[in-house]
Number of protein chains: 4
Amino acid sequence: MSNKYEEIAQAAIKLFEQKGYHATSVQDIADEVGLQKGSLYHYISSKEELLMKITQQSISGFNRRLEKIIETQVSAKDRLILAIQNHVVSVAANLEMTTVLLREALSLEPEHHTVIKNETDRYLSLWAQIIDEGVKAGEFKPGNSRLIALAILGSCNWVYRWYQEGGKLTPEEIGSYFAHIFIDGIKK
Amino acid sequence: MSNKYEEIAQAAIKLFEQKGYHATSVQDIADEVGLQKGSLYHYISSKEELLMKITQQSISGFNRRLEKIIETQVSAKDRLILAIQNHVVSVAANLEMTTVLLREALSLEPEHHTVIKNETDRYLSLWAQIIDEGVKAGEFKPGNSRLIALAILGSCNWVYRWYQEGGKLTPEEIGSYFAHIFIDGIKK
Amino acid sequence: MSNKYEEIAQAAIKLFEQKGYHATSVQDIADEVGLQKGSLYHYISSKEELLMKITQQSISGFNRRLEKIIETQVSAKDRLILAIQNHVVSVAANLEMTTVLLREALSLEPEHHTVIKNETDRYLSLWAQIIDEGVKAGEFKPGNSRLIALAILGSCNWVYRWYQEGGKLTPEEIGSYFAHIFIDGIKK
Amino acid sequence: MSNKYEEIAQAAIKLFEQKGYHATSVQDIADEVGLQKGSLYHYISSKEELLMKITQQSISGFNRRLEKIIETQVSAKDRLILAIQNHVVSVAANLEMTTVLLREALSLEPEHHTVIKNETDRYLSLWAQIIDEGVKAGEFKPGNSRLIALAILGSCNWVYRWYQEGGKLTPEEIGSYFAHIFIDGIKK
DNA sequence: CATGAATGAGCCTTCATTCAT
DNA sequence: TATGAATGAAGGCTCATTCAT
């Protein structure tokens, strides 16, 4: 996993985000890093492997960070707030990679797609776990924790579709606002 | 816009949803409707036009329905509830077409993409408008209405990624639950 | 299996014989029939399929003809003579196709290769059967019929490596001579 | 011609036999000897040169051995028997190399191919010479010595296509049997 | 001697689109 | 309308060979 591989992966992330996986040719990636098309294959074994590794890395990061938050010794409510803030901030900080994960995972071959799907399902379960613990602790109303998790994840993931660096709000502010919405609701 | 065109569009929707736009060949569509590849071109002018019309139709539907809800003579809160329920139910009822809209719009040529983008922006504005009216009416807390709209839309759009017909909850129930979450929050 | 397919197959046979399967590109075949490379794929599904069909057709012909000879109501000796003459004449008459069969079969994918291998094994068994019947009838000395068949087939197949149209001897003469050698030997 | 070259040549023989010349990559050979692809080129000048040297060595061996047999002071018949036995035993003893010679020679560039072709023609002439001498000595019937040589060579070469070590018959037994067939024929 | 990065040409195949029939 | 032959560009990938280190 040389330095050059990292360069290639970065080029791929950028191009996959800009044009989409299918619309990005290996030639495009080669041009971006200043190599011949064939030379790329010293570093990668296929275009799809590139996509796989990118999505893998992305979802792993999300899982790792959420696990850390879950271990935190604060109230469930605070853990949920942290999780929301962290997710939104991560999406913004890794906008291209997250976009590739959320938009291109289904371009993976079935077997690779399954791997990502499983990690994604696990991520959802971790969110539901936080909510369940909040209910158990009497911090949240009893409810369908998986459905709540899906609502929260929907909002937080969607950020990749509209967030722009340099906008009026920082990712931290967006995250806080979202946490506030989910916890307190919007009614007066 | 003959009857045959509708048949072709339906086939395209189904296949674009199943395999993705790029992975669906014109041959696939022809096979699905029982025509030869060449014959399709009596009805369509290009594969991309098919995608354009599908996404166009989908976003138009969302806008049309939301406009109708906005005109309803009930409280802002009830209009928001209606809007959420309606959106979720529509996603579920037109799962394939909505998936194509939300997932494949960026496969459109830039000029077409812009058209869809504009209608999508308009849809967001309509949501923000409802929220603003709720705030003005004292029903909702003052806040960043566009951000709230993005949160709600994120949750509601995301449904296309996980909803499955025949699941435990009906689309109506999911919509109600989501409305409840956003209006009341999840804290006890 | 249009007329054009036959044209393509003929071109392939000619080129595979001249340059070998691997050294023949799809471009070469396309050039030979005056089509674009991509246009070939209206008629074939892959280059390998072309090789498969050619070898299949070739070995089938050999089996079919030998079966007919076996059914002939003449002495085993005469059937063997007929078989040798027929094989040599067939090799000469279908020199290119036979060359492809005998030289390129191992370029087939394992699964296709197995099919050809099985038919080839069957061909050998038919030869051994003739010899066994000759032994039983007291026309041939008892012996290892399979080994004798391999000796005869070796000589007769090898013809593809040296036969040239317009040479001093006709295929019929070569066949007769070979039959004579195997039946009578060369000693005075 | 270092020791390493011999190692590389052996690897090439093995791989060319197993997968065919075209299907064997320089990488395959490098892997087999535990070198990097680029390092091979300290020992060889091209992949084709490797094939050339292998086939050269193989055909030279056949010619050398046959010349020695021709010089033997025994009857023509015995010399023929020796030649057949020797050829079959050599094929079996150098199965891989012989396979490469007989199967891959046409993968050589035209100029190299010509060299091998000439040595092969010479080999055939040596066989015909033995037969001619047998005829002159009254041991064999008068006949087309070249055609007889081709028949014998066909049988004996073909052995490379079916011989398997550890079979029921030893190469010596096969050679003797073949000699017997050609000299005496199979008729009772 | 050995490495491994890089080349550049070539390979088989796919595909949206056109058009004569 | 419908066909299906044909196009031509592009795609992902392989590979023998070179060369600076």
Any B/Q36 side-chain nitrogen or oxygen under 4.0 Å from OP1 or OP2 of F/dG4: yes
Rounded interatomic separation in angstrom, taking CG from C/L40 and P from E/dC15: 17 Å
pair A/V26-A/I44: side-chain heavy atoms closer than 4.5 Å: no
Most 5' of B/K37 and A/K37 on DNA chain E, judged by nearest nucleotide: A/K37
Nearest-nucleotide 5' precedence on DNA chain F, D/S45 against C/L35: C/L35
d(OH, D/Y43; C1', E/dC1) in whole Å: 6 Å
Under 3.5 Å donor-acceptor, B/K4 side chain and B/V33 backbone: no
Any donor-acceptor N/O pair, A/S107 side chain to A/Y21 backbone, under 3.5 Å: no
Between C1' of E/dT13 and CG of C/L50, the distance in whole Å: 14 Å
Test item: D/S58 side-chain N/O and D/I54 main-chain N/O as donor-acceptor pair under 3.5 Å: no
Nearest-0.5 Å distance, CD of residue D/E6 to CD of residue D/Q10: 5.5 Å
Strand partner of F/dA20, provided both Watson-Crick or wobble distances fall under 3.5 Å: E/dT3
Modelled atom types, side-chain donor and acceptor of B/Q27 and B/D31, under 3.5 Å: yes
Whole-Å distance separating the CG atom of C/N3 from the P atom of F/dA6: 11 Å
d(CD1, A/I8; P, E/dA5) in whole Å: 10 Å
Distance in angstrom units between B/Y5 OH and F/dT1 P, rounded: 15 Å
Identify each atom pair where a protein N or O and an N or O of nucleotides 19-21 of chain F are less than 3.5 Å apart, giving names and distance.
none

Considering all heavy atoms, the nearest D/H113-D/L108 contact: N-CB, 3.8 Å
Length of the line joining B/K47:NZ and F/dA9:C1', which is rounded to integer Å: 15 Å
Main-chain N/O of D/L15 paired to D/D28 side chain as donor or acceptor, under 3.5 Å: no
Pairwise distance CD1(D/I116) to OG(D/S60) - rounded to 0.5 angstrom: 7.0 Å
Strand contacts (DNA chain E) in residues 12-34 of chain C, 4.0 angstrom heavy-atom criterion: C/T24, C/S25, C/V26
Spacing of B/E7 atom CD relative to F/dT1 atom P, expressed in whole Å: 14 Å
